[in-house]
Amino acid sequence: MNPVTFEITHIDKNSGARTGILHTPHGDVETPMFMPVGTQATVKFISPEELYDMGAGVVLANTYHLWLRPGEEIVEKAGGIQKFMNYKGPMLTDSGGFQVFSLAKTRKLTEEGVEFRNILNGDKMFLSPEKSIHIQNAIGADIIMSLDECIPFPASRDYAEQSMLRTLRWAERGKQANLHPETQGVFGIVQGGDNEDLRHYCAEKLVEMDFPGYAIGGTSVGEDKETMKRMVGWSQEMLPFNKPRYLMGVGAVNDLLEAVSMNIDMCDCVLPTRIARHGTLMTSEGRINIRKAQYKEDFTPLDPECDCYTCRNYTRAYLNHLCRCDEGFGTRLFSIHNVRFLIKLMEDARQAIKEDRYNEFKEEKLHNMKFDERGF
RNA sequence: GGAGACGUAGCAAAGUGGCUAAAUGCGGCAGACUGUAAAUCUGCUCCCUAUGGGUUCGGUGGUUCGAAACCACCCGUCUCCA
């Protein structure tokens, strides 16, 4: 029995966008959804209980970081990641594939795997596709990711091809290595850079391996919106309609709205939490930087349309003050807001899909948030 | 009353003859951030008609080719002793 399954609950008659339910050992969650990222077993400044209560659904953690500290065996002894951090809902761990990209200066790639430097003490650390899965087995998330290489943009076609073929071989190795196939589902990751045939080929081969879900990787690494849209489009064309599709690393509002149009079911991103720490807040009228002088005497709620704790209780003037004072409570309030904002955006998107008005919903949001015509 | 120290841009603080419109930090202004080595990073922050010009380092006067820097006096601040 597959631990992670998916059922489609509605297809928008006009846009073709879909809603669904992702079934996991830690509960069911509705899609399309946004998944907050808690790299070090914490979504920075937000408690796991708060995340659950704000409807976070799936929360991410990271293989590389937990491997280095505290070590996956500690998480395992704690009874798994959910018990370790006291999160009740489903979780997903990224494989370390993004660190192949983000820590590129200090790692070496071979067919066998990735030699990383421990960013904490400089030690050499070797991560193979099997090792990544075994670490994730110990961490114990519901959904675990196959080790891939997230390549930069731009990349040569030749490099994208070699890398993608290796990612495919790693996917096969990782899938075979899963020690907990009854409780943890492995997702394969489509790579191939900005190349239609490579994206198609990669997706087809992954589908032959038969994963419970498929991710699209290698996006939001500096490419323009049109390129991202192309890469996502090519990647998902070959994926089975009834399996969940996870677009990795996407979290800008316009990107999410476009992704939903393209039948993406899951997205994750550090963007809402990172920019929150820097004072940038997502609102129904677009992004604002709460530190700006114009909010000093603005005694209105941050976003009157938002139902989050921050918007229900505090004014822009107060948030402006906390930001200028660099107070941790402000950072908390900003993080809570941005995460809830994206979760609610997806809740609203689901409602619109169920009422067959997703196209109108999307256009209205893009217009209100002042995104230009190019959108995605 | 006596002795000493000091006054530099919004604030703090370097600089003691030319490389100084003046380090650095804070504050202020603007921007970036997309599977987190990020509570981070990048610009700008004396004035202007601006790849140039103008006026600055408590005040005034002086020394010098040249002064924030050296000298004199004045104003002010602080510390210690009475």
Side-chain angles (χ1 to χ4, degrees), chain A residues 34-46 58-66 68-69 91-107 116-122 125 132 136 141 143-151 153 167 187 189-191 214-225 227-228 231-232 246-256 258-259 264 266-282 287-289 291-294 296 320 322-335 338 342 376:
Chain A
F34 173 75
M35 310 184 289
V37 181
T39 304
Q40 315 240 38
T42 170
V43 176
K44 297 183 195 302
F45 293 92
I46 308 179
V58 178
V59 171
L60 264 71
N62 184 276
T63 300
Y64 174 84
H65 293 274
L66 296 179
L68 303 197
R69 188 171 55 189
M91 291 195 66
L92 180 155
T93 40
D94 186 29
S95 60
F98 186 71
Q99 280 62 47
V100 176
F101 165 77
S102 65
L103 301 176
K105 299 120 283 184
T106 54
R107 53 71 175 162
F116 282 111
R117 307 305 300 216
N118 180 329
I119 49 167
L120 303 173
N121 62 19
M125 311 274 291
S132 174
Q136 296 184 77
I143 299 170
I144 63 181
M145 303 302 297
S146 144
L147 184 65
D148 67 329
E149 181 192 1
C150 178
I151 64 170
F153 180 88
T167 286
F187 279 25
I189 304 174
V190 182
Q191 291 288 353
Y214 299 90
I216 297 167
T219 65
S220 41
V221 289
E223 78 282 10
D224 58 82
K225 298 292 184 191
T227 302
M228 187 197 282
M231 295 197 295
V232 174
Y246 163 27
L247 177 57
M248 308 185 81
V250 163
V253 168
N254 49 345
D255 295 345
L256 290 173
E258 196 61 41
I264 296 297
M266 311 155 67
C267 286
D268 78 287
C269 200
V270 305
L271 190 69
T273 45
R274 178 175 294 167
I275 67 176
R277 271 175 268 130
H278 305 157
T280 302
L281 303 175
M282 298 169 169
R287 286 189 204 177
I288 68 171
N289 188 327
R291 190 187 180 87
K292 288 165 77 84
Q294 68 187 99
K296 241 177 168 170
N320 172 274
L322 293 180
C323 188
R324 284 169 185 268
C325 296
D326 197 24
E327 281 289 341
F329 184 52
T331 310
R332 238 176 82 60
L333 292 176
F334 308 155
S335 301
N338 274 355
L342 289 187
F376 196 48

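Only a predicted model underlies this, so the values are computations on that prediction, with no experimental measurement involved. All chains are named by letter (A, B, ...) in the order of the sequence lines, taking the proteins before the strands, and each is independently numbered beginning at 1.
- The nearest pair of heavy atoms linking Val221(A) to Ile151(A) is CG2-O, 3.9 Å.
- In terms of the ring pair (Phe, Tyr, Trp, His ring centres under 6.0 Å) criterion, residue partners of Tyr64(A) (sequence neighbours excluded) are, by chain and number, Phe116(A).
- Side chain of Thr63(A) to backbone of Gly96(A): no donor-acceptor contact under 3.5 angstrom is found.
- In this structure, Ser132(A) and Met145(A) approach most closely via the heavy-atom pair OG-O, 4.3 Å.
- Spacing of P atoms, A21(B) relative to G53(B), comes out at 12 Å, to the nearest Å.
- Pairing for C41(B) is with G31(B), a Watson-Crick or G-U wobble pair whose two hydrogen-bonding atom distances lie under 3.5 Å.
- Spacing of P atoms, C70(B) relative to G15(B), comes out at 12 Å, to the nearest Å.
- Pair assignment for A9(B): none, as no Watson-Crick or G-U wobble contacts are both less than 3.5 Å.
- Remark: the separation of the C1' atoms in U24(B) and U45(B) is 15 Å, to the nearest Å.
- Across all strands shown, G4(B) forms a Watson-Crick or G-U wobble pair, both distances under 3.5 Å, with C78(B).
- Comparing A32(B) with A23(B), their P atoms sit 28 Å apart, to the nearest whole Å.
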- When every nucleotide of nucleotides 28-37 of chain B is labelled 5' to 3' by its protein contacts under 4.0 Å (heavy atoms), B for base, S for sugar-phosphate only, - for none, what sequence of letters results? SSSSBBBBBB
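- With a cut-off of 3.5 Å on both pairing distances, A50(B) has no Watson-Crick or G-U wobble partner at all.
- Taking atom C1' in both A69(B) and U64(B), the straight-line distance is 13 Å, to the nearest Å.
- Using the Watson-Crick or G-U wobble rule with both distances under 3.5 Å, A14(B) pairs with nothing in any strand shown.
- When the P atom is used for both U40(B) and C6(B), the distance is 37 Å, rounded to whole Å.
- One P atom belongs to A13(B), the other to G58(B), and the distance between them is 14 Å to the nearest Å.
- The nearest pair of heavy atoms linking Thr219(A) to Met228(A) is CB-CG, 4.0 Å.
- Both distances falling under 3.5 Å, in either a Watson-Crick or a G-U wobble arrangement, place A72(B) opposite U60(B).
- A search for salt bridge (Lys or Arg N to Asp or Glu O under 4.0 Å) contacts involving Arg332(A) returns Glu50(A), not counting sequence neighbours.
- Across all strands shown, A67(B) remains unpaired; no Watson-Crick or G-U wobble contact has both distances below 3.5 Å.
- Taking the P atoms as reference points, C48(B) lies 50 Å from C81(B), given to the whole Å.
- At least one donor-acceptor pair under 3.5 Å links the side chain of Asn320(A) to the backbone N or O of Arg291(A).
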